[in-house]
Q: 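The following block contains the structure, expressed as structure tokens.
Throughout, a chain's letter reflects where its sequence line sits, starting with A, and its residues are numbered from 1.
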Number of protein chains: 2
Amino acid sequence: MQPVGSPTPSESRSDDLAAWGSVRDRLRERGLRWTPQRRALVAVLSQTRGHVTGADLVERCREQDPSTIPSTVYRTLDVLEELGIVRHGHGPDGREEYHVLPDAEHGHLHCRGCGAAWEITADEGASIVATLEAARGFAVDLSHVTIVGRCRACR
Amino acid sequence: MQPVGSPTPSESRSDDLAAWGSVRDRLRERGLRWTPQRRALVAVLSQTRGHVTGADLVERCREQDPSTIPSTVYRTLDVLEELGIVRHGHGPDGREEYHVLPDAEHGHLHCRGCGAAWEITADEGASIVATLEAARGFAVDLSHVTIVGRCRACR
DNA sequence: GCCGTTATTGCAACTCATTGCAGCAAGACC
DNA sequence: GGTCTTGCTGCAATGAGTTGCAATAACGGC
């Protein structure tokens, strides 16, 4: 029932350290604090591309520091989301799914057949947004959209 | 954080008893069984319109029979979904959300501001399906689509 | 370097949902 | 009505995520 390993790219080797380095200051500016726990999560995130589930992040943090507490991770993710550093949506099974530093707002496409996932391109997204905007003045939060179906290969 | 009472219509007074009456036979045809627990859930569903969360259904069943077990309810919902009697998607918070006997496949729209929910009309849906179909041959499962954003009133 | 304010943490309890398994009971057959 | 097959149920344990609260520790000021 669970797709066996998503083909989604998810690791990057050369990280935009500059972007990540500013996180500390962005927090401080708002009177928030730069704690070891947050440092650890940010370190994990900086090595991540694409989609990760919350549980995934908890586990990766735990690899570095086994004493990591889940609630702390989730709360930190909330904070980082407010800063616009991560975004979260929900996978086809309803699980939390985070994506890191999106270049642009984008939704996700999940194939029920092979479990693969893609980002919805700006064009495709724009068309969806436009449809609902025109029809009823609804402002779509594209980054939270997950559409499930079957991809060309699986049909 | 939790929207205070959704304006979504969700109760119906006169039920299509005919449709619900056939459930027993549809199960039997497939070699499945018509048990008291299933009868109870179907009774609850027959009085429901629109969206309900899984937890909601469990609770409503429990009102009728306090000995109701959650796993039984969820498993029965799975069966009913296979029969096409209910559909499920995930709400803006990722929770299971069931809708009953859809007249047609349709997705949902959730306003982050007021918590209201609407069905995506056939026209709007068709446009979304067409976009992704054309762009990459992806067959959207419209009934599982939930789009979050802000409605006209809340912007 | 010490202090005080207050954002965060750790923990425990809780909610929603899923799963494995052994015993139970629908419903077909006689 | 009795029997047998096997689809269900009940239960207990597990996983993901959230929340309330008391104790802790960032970090700005002196």
Side-chain angles (χ1 to χ4, degrees), chain A residues 1-3 23-42 51-62 64-83 86-98 144 146, chain B residues 1-3 23-42 51-62 64-83 86-98 144 146:
Chain A
M1 188 128 284
Q2 198 68 310
V23 174
R24 168 183 170 154
D25 299 320
R26 312 246 316 263
L27 285 167
R28 293 280 251 306
E29 280 166 21
R30 298 204 182 191
L32 303 177
R33 292 171 189 176
W34 184 237
T35 66
Q37 294 83 349
R38 290 183 175 176
R39 205 188 314 263
L41 177 56
V42 167
H51 323 105
V52 232
T53 64
D56 239 340
L57 290 172
V58 169
E59 200 182 331
R60 293 200 204 177
C61 285
R62 218 161 228 168
Q64 297 200 179
D65 175 1
S67 70
T68 301
I69 268 66
S71 61
T72 299
V73 174
Y74 287 109
R75 281 188 283 220
T76 300
L77 285 167
D78 287 348
V79 171
L80 294 179
E81 184 153 20
E82 260 168 51
L83 294 184
V86 300
R87 286 267 141 181
H88 91 283
H90 296 277
D93 54 357
R95 276 220 191 45
E96 301 267 307
E97 196 158 86
Y98 290 87
H144 202 286
T146 295
Chain B
M1 190 129 284
Q2 197 69 311
V23 174
R24 169 185 170 151
D25 299 321
R26 313 245 318 261
L27 284 167
R28 294 277 256 297
E29 279 165 22
R30 297 205 182 190
L32 303 177
R33 292 172 188 176
W34 183 238
T35 66
Q37 294 82 349
R38 291 183 175 178
R39 203 189 314 262
L41 176 56
V42 167
H51 324 104
V52 232
T53 65
D56 238 342
L57 290 171
V58 170
E59 202 183 328
R60 292 200 204 176
C61 285
R62 221 163 224 166
Q64 296 200 180
D65 175 2
S67 70
T68 300
I69 267 67
S71 59
T72 299
V73 174
Y74 286 109
R75 281 188 283 221
T76 299
L77 284 167
D78 287 347
V79 172
L80 294 179
E81 183 153 21
E82 260 168 51
L83 294 185
V86 300
R87 288 267 142 181
H88 90 282
H90 297 279
D93 54 357
R95 278 221 189 49
E96 301 268 306
E97 196 158 84
Y98 290 87
H144 202 286
T146 295

Q: Checking A:His90 against B:Thr146 for the side-chain contact (heavy atoms from CB on, under 4.5 Å) test, could you report, in this order, the C-alpha distance in whole Å, the side-chain angles of both residues, the deciding distance, and whether it holds?
A: CA-CA 10 Å; A:His90 296 277; B:Thr146 295; over 6 Å; no
Q: Indicate, with a heavy-atom threshold strictly under 4.0 Å, whether A:Thr35 touches base, sugar-phosphate, or nothing.
A: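 Sugar-phosphate contact only.
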Q: Hey, does A:Gly31 reach any base, or is it just sugar-phosphate, or nothing, if we go heavy atoms under 4.0 Å?
A: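 It contacts sugar-phosphate atoms only.
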Q: Under 4.0 Å between a side-chain N/O of A:Gln37 and OP1 or OP2 of D:dA25, yes or no?
A: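 No.
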Q: A:Ile69 has an atom CD1; how far is it from atom P of D:dT24, in whole Å?
A: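 Computing the A:Ile69:CD1 to D:dT24:P distance gives 15 Å.
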Q: Look up atom OG1 in B:Thr72 and atom CZ in B:Arg38, then write down how far apart they are to the nearest 0.5 Å.
A: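 If I round to the nearest 0.5 Å, the distance is 9.0 Å.
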Q: Does B:Ser71 get its side chain close enough to the base of D:dC11, under 3.5 Å, for a donor-acceptor pair?
A: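 Pair found.
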Q: What is the nucleic acid contact for A:Arg38, judged by heavy atoms within less than 4.0 Å: base, sugar-phosphate only, or nothing?
A: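 Sugar-phosphate contact only - A:Arg38 comes under 4.0 Å of backbone atoms but never of a base.
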Q: Measuring to OP1 and OP2 of C:dG27, would you say a side-chain N or O of B:Arg28 lies under 4.0 angstrom away?
A: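 Answer is yes, contact under 4.0 Å.
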Q: Rounded to the Å, how far apart are A:Arg75 CZ and D:dG20 C1'?
A: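 Taking CZ of A:Arg75 and C1' of D:dG20, I get 9 Å after rounding.
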Q: To the nearest 0.5 Å, how far apart are CD in B:Glu96 and NE2 in B:His51?
A: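 Going from the CD atom of B:Glu96 to the NE2 atom of B:His51 covers 14.5 Å.
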Q: In whole angstrom, what separates A:Trp34's CH2 from D:dC27's P?
A: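 Taking CH2 of A:Trp34 and P of D:dC27, I get 10 Å after rounding.
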Q: For B:Arg24 and for B:Pro70, locate the closest nucleotide of DNA chain C by heavy-atom distance; then report the residue assigned to the nucleotide nearer the 5' terminus.
A: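 On the 5' side of the pair lies B:Pro70.
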Q: Between B:Pro36 and B:Val58, which has a closest nucleotide on DNA chain C that is more 5'?
A: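 Taking each residue's closest nucleotide, the earlier one in sequence belongs to B:Val58.
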Q: Considering only heavy atoms and no angle criterion, is a donor-acceptor pair shorter than 3.5 Å present between the side chain of A:Arg33 and the base of C:dT6?
A: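 Yes, a donor-acceptor pair under 3.5 Å.
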Q: Roughly, in whole Å, what's the span from CG in B:Leu27 to P in D:dG7?
A: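 Atom-to-atom, B:Leu27 to D:dG7, this comes out as 13 Å.
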Q: Calculate the interatomic distance between B:Tyr74 atom OH and D:dC11 atom P; express it in whole Å.
A: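 Between P of D:dC11 and OH of B:Tyr74: 17 Å.
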Q: Would you mind reading off the distance between B:Leu32 atom CG and D:dG7 atom P, rounded to a whole angstrom?
A: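 Roughly 8 Å, once rounded to whole Å.
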Q: With rounding to the nearest 0.5 Å, note down the distance linking CG in B:Leu41 to CG in B:Leu57.
A: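 The distance works out to 6.5 Å.
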Q: In whole Å, what is the span from the CD atom of B:Glu96 to the P atom of D:dA16?
A: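 In whole Å, D:dA16 P lies 15 Å from B:Glu96 CD.
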Q: How many whole angstroms separate atom CZ of A:Arg95 from atom C1' of C:dA17?
A: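 Distance, rounded to whole Å: 10 Å.
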Q: Measure the spacing between CG of A:Leu83 and CD of A:Glu81 and express it to the nearest 0.5 Å.
A: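 So the CG of A:Leu83 and the CD of A:Glu81 are separated by 10.5 Å.
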